[in-house]
Protein chains: 2
Amino acid sequence: MKIHNFSAGPSILPQEVLKKASEAVVELNGIGLSLLEISHRSKHFVDVMENARALALELLGLEGKGYKALFLQGGASTQFMMVALNLLEKRAGYLNTGTWSENAIAEAKIYDDIYEVASSKDAGYNYIPKGYTIPDNYDYFHCTSNNTIFGTQIKQFPNSPIPMVCDMSSDIFSRQLDFSKFDLIYAGAQKNMGPAGTTLVVVKEDILGKVSRKIPSIMDYKVQIAKSSMFNTPPVFAVYTSMLTLEWLKNLGGIKAIEKVNEMKARVLYSEVDLNPLFKGYAVKEDRSYMNATFNLVNDDLKDTFETMLKEAGISGLNGHRSVGGYRASMYNALPLDSVKALVEVMSELETKA
Amino acid sequence: MKIHNFSAGPSILPQEVLKKASEAVVELNGIGLSLLEISHRSKHFVDVMENARALALELLGLEGKGYKALFLQGGASTQFMMVALNLLEKRAGYLNTGTWSENAIAEAKIYDDIYEVASSKDAGYNYIPKGYTIPDNYDYFHCTSNNTIFGTQIKQFPNSPIPMVCDMSSDIFSRQLDFSKFDLIYAGAQKNMGPAGTTLVVVKEDILGKVSRKIPSIMDYKVQIAKSSMFNTPPVFAVYTSMLTLEWLKNLGGIKAIEKVNEMKARVLYSEVDLNPLFKGYAVKEDRSYMNATFNLVNDDLKDTFETMLKEAGISGLNGHRSVGGYRASMYNALPLDSVKALVEVMSELETKA
């Protein structure tokens, strides 16, 4: 049976990427050795790293604009501290749109003062705050573009008078944006880019080197840039697989092409959520995420029936985050429209039965 | 042609491990999904993580002795700062035996005072200092068990009156030691354990929680222990492949069995270095590493001939580190004795030709 994989992360990757990645574990490009057992300083791997870095900038439309791409370790959770270590001198402004924003704020507070410019905590993070002011004398402004747990997404980014930092872990490469509005973008690979184990950082060089603290080498973006993202041994498999996914996306037609598919998937699913009286969306309509759709059964008595039907249809990974409950359909780039249709079919079949 | 892979790291892994890891990238244990696209909170992956952690403790003989095993990200270079963040309150003593010790010292100095209890820098790090005193009022003592670049290895560890921390990146699981002498052991996976991208940390819990600074969550061993090594999404592929390698080692008979093979490989290679007048070992005999043998040609005129012969014999990864030059044969656990014999054959053939 085909499995429809709605996992929130690590999540579905293109089949052709999995196949090529699998082959490289046995032998990389006919060199007689596995990708895993060659020196990261060998031309074979240096080419992979440079290709991955260039593809990231190309797909985001940031080539030749003063940005560098890095493939680091430690996940977005490490970026929470790394951003503060590199950029926070006195005070920064954070937009609080959910659990990951909260965590980013908590970790940055270890280093200096953090001001919440706005928060949607009052309504269980079911919306994106708007109309807030970003103080122009702060070090930087931080936001989370997509909130995996609550299913909200920033549609309109502010014009920030100070450097804008964005955690795009769960929606990078999924929609067209003017990425040059941002001075630092970071994203754990395990949603739209590759396997868990590497984190993409895209940073505008001119915002670096302005804090007075001594930064540990491994946490210093300037050091990582100077070493071409190889200050120490990089996570070779995660970088290679990310490169394959970025190549796949480029061949599809880039972000512009995948955005159309993502919009279609979201439309199909949210239509069902809105039209089917058995379900209720969690996030307010205007802020709904195109990556993670969160919804609940209006009547919990149908839970067992619905979940049995999901299982029978091969639909996997639909449980909501343990802090929210309900259901969450994660529709990352590699999820086919057919999987969304399969889910919608089950939802509408439930209505017939109920 | 079979390639004999002497790469210093990332380095050779057992063929059966590569094969199984490759299969899991397409589908994990018949579950219909790739290892890369399932939730790390799923039972499938939680089992992998717990198995890997248990195997590490079992192989080191540290079960039930108050230790916890963690699979983290960031490499040993991240541990340089993490050790200091977690353990350094006033002053620590470091043994300086080479580049990696130097780096560990430099990164720890960002947080507090570091005292070099001894150093072999005076002789280009070609020996291991002995007879030094470890002050009993310091926070901890740090050493590097094996020096990949210079080819030296600590044979006899001191009896430390304070917690002993050891970077075992390049010789963990290669020889029998009383591992309970150590309070914290760390090792990047990419030598004896798996692909680059995860770092094993084995820590005795009772040494933690004694510093006054606020530690970022991701860098806090106590947090990582409380979250069973899943504070954030772990590098699933690197952990899975490490688990496979640890299983392979256990099936072979554990460290005791591989130690015999490693001793044999080292004996075969060093005998040739000592008997062949064309070569000279770099490290002093008593401190020679069984993992990385460093040696030079006495007469550099033979360089081209020797390297052509190496190439023809399929011998790969023998260049010395760029900071030392010469040759370095890395003989990690997965390197077969046959590969060492192939290298020795070329060395002795060179003598016939010269």
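Naming: A, B, ... by sequence-line order, numbering from 1 per chain. Every heavy atom of this structure was used, including side-chain atoms; hydrogens, water molecules and symmetry mates were not. Keep in mind that this is a model prediction, so the values were computed, not measured.
- Between the side chains of N292(B) and S330(B), a donor-acceptor pair is found at a separation under 3.5 Å.
- Of the atoms belonging to F45(A), not a single heavy atom falls under 4.5 Å from chain B.
- Applying a 4.5 Å heavy-atom cutoff, the residues of residues 215-224 of chain A that approach chain B are I215(A), P216(A), S217(A), I218(A), M219(A).
- In this structure, Y186(B) and F80(B) have perpendicular ring planes: the angle between them is above 60°, well past the 30° mark.
- Most heavy-atom pairs under 4.5 Å with chain B, from the set G197(A), P10(A), S7(A): that is P10(A).
- In terms of heavy-atom pairs under 4.5 angstrom with chain A, the leader among Q15(B), R322(B), R213(B), K2(B) is R322(B).
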| request: Give the intermediate values and the outcome of side chain to side chain contact (heavy atoms under 4.5 Å, CB included) for residues E107(B) and V83(B). | output: CA-CA 10 Å; E107(B) 300 301 327; V83(B) 163; over 6 Å; no
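- Side-chain atoms of S42(A) and H44(A) form no donor-acceptor pair, as typed in the model, at a separation below 3.5 Å.
- The neighbour count for E50(B) CD, taken as heavy atoms of other residues, nucleotides or ligands under 6.0 Å away, is above 12.
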| Derivation of the side chain to side chain contact (heavy atoms under 4.5 Å, CB included) call for F173(A) and M168(A) | CA-CA 9 Å; F173(A) 300 120; M168(A) 291 196 188; over 6 Å; no
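- For T78(B), the parts sitting under 4.5 Å from any heavy atom of chain A are the backbone and the side chain alike.
- When L33(A), I31(A), L35(A) are compared by the number of non-hydrogen pairs under 4.5 Å with chain B, L33(A) comes out ahead.
- If you tally non-hydrogen atom pairs under 4.5 Å between each of A238(A), P195(A), G188(A), G74(A) and chain B, the highest count goes to G74(A).
- Per-residue heavy-atom pair counts under 4.5 Å with chain B were compared for A189(A), A24(A), S11(A), and the maximum is reached by S11(A).
- With a 4.5 angstrom heavy-atom cutoff, I3(A) touches chain B only via side-chain atoms.
- Ranked by non-hydrogen atom pairs under 4.5 Å with chain A, the options T233(B), L13(B), V239(B), V25(B) are led by V25(B).
- P235(B) pairs with exactly one of T198(B), T199(B), L72(B) by the side chain to side chain contact (heavy atoms under 4.5 Å, CB included) rule, that one being T198(B).
- Side-chain atoms of E307(A) and Y327(A) form a donor-acceptor pair, as typed in the model, at a separation below 3.5 Å.
- The side-chain heavy atoms of M291(B) and S170(B), taken from C-beta on, include no pair separated by under 4.5 Å.
- Sorted by first and then second residue, the pairs that involve residues 13-36 of chain A and meet salt bridge (charged side-chain N to carboxylate O under 4.0 Å, His left out), not counting sequence neighbours, are K19(A)-E23(A).
- With respect to chain B, the highest number of heavy-atom pairs below 4.5 Å among T241(A), V26(A), I38(A) belongs to I38(A).
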| request: Go through the steps for L335(A) and H4(A) under the test side chain to side chain contact (heavy atoms under 4.5 Å, CB included), then give the verdict. | output: CA-CA 8 Å; L335(A) 186 88; H4(A) 300 289; 5.6 Å; no
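- When each of S77(A), P234(A), S34(A), A21(A) is scored by its heavy-atom pairs under 4.5 Å with chain B, the top score falls to S77(A).
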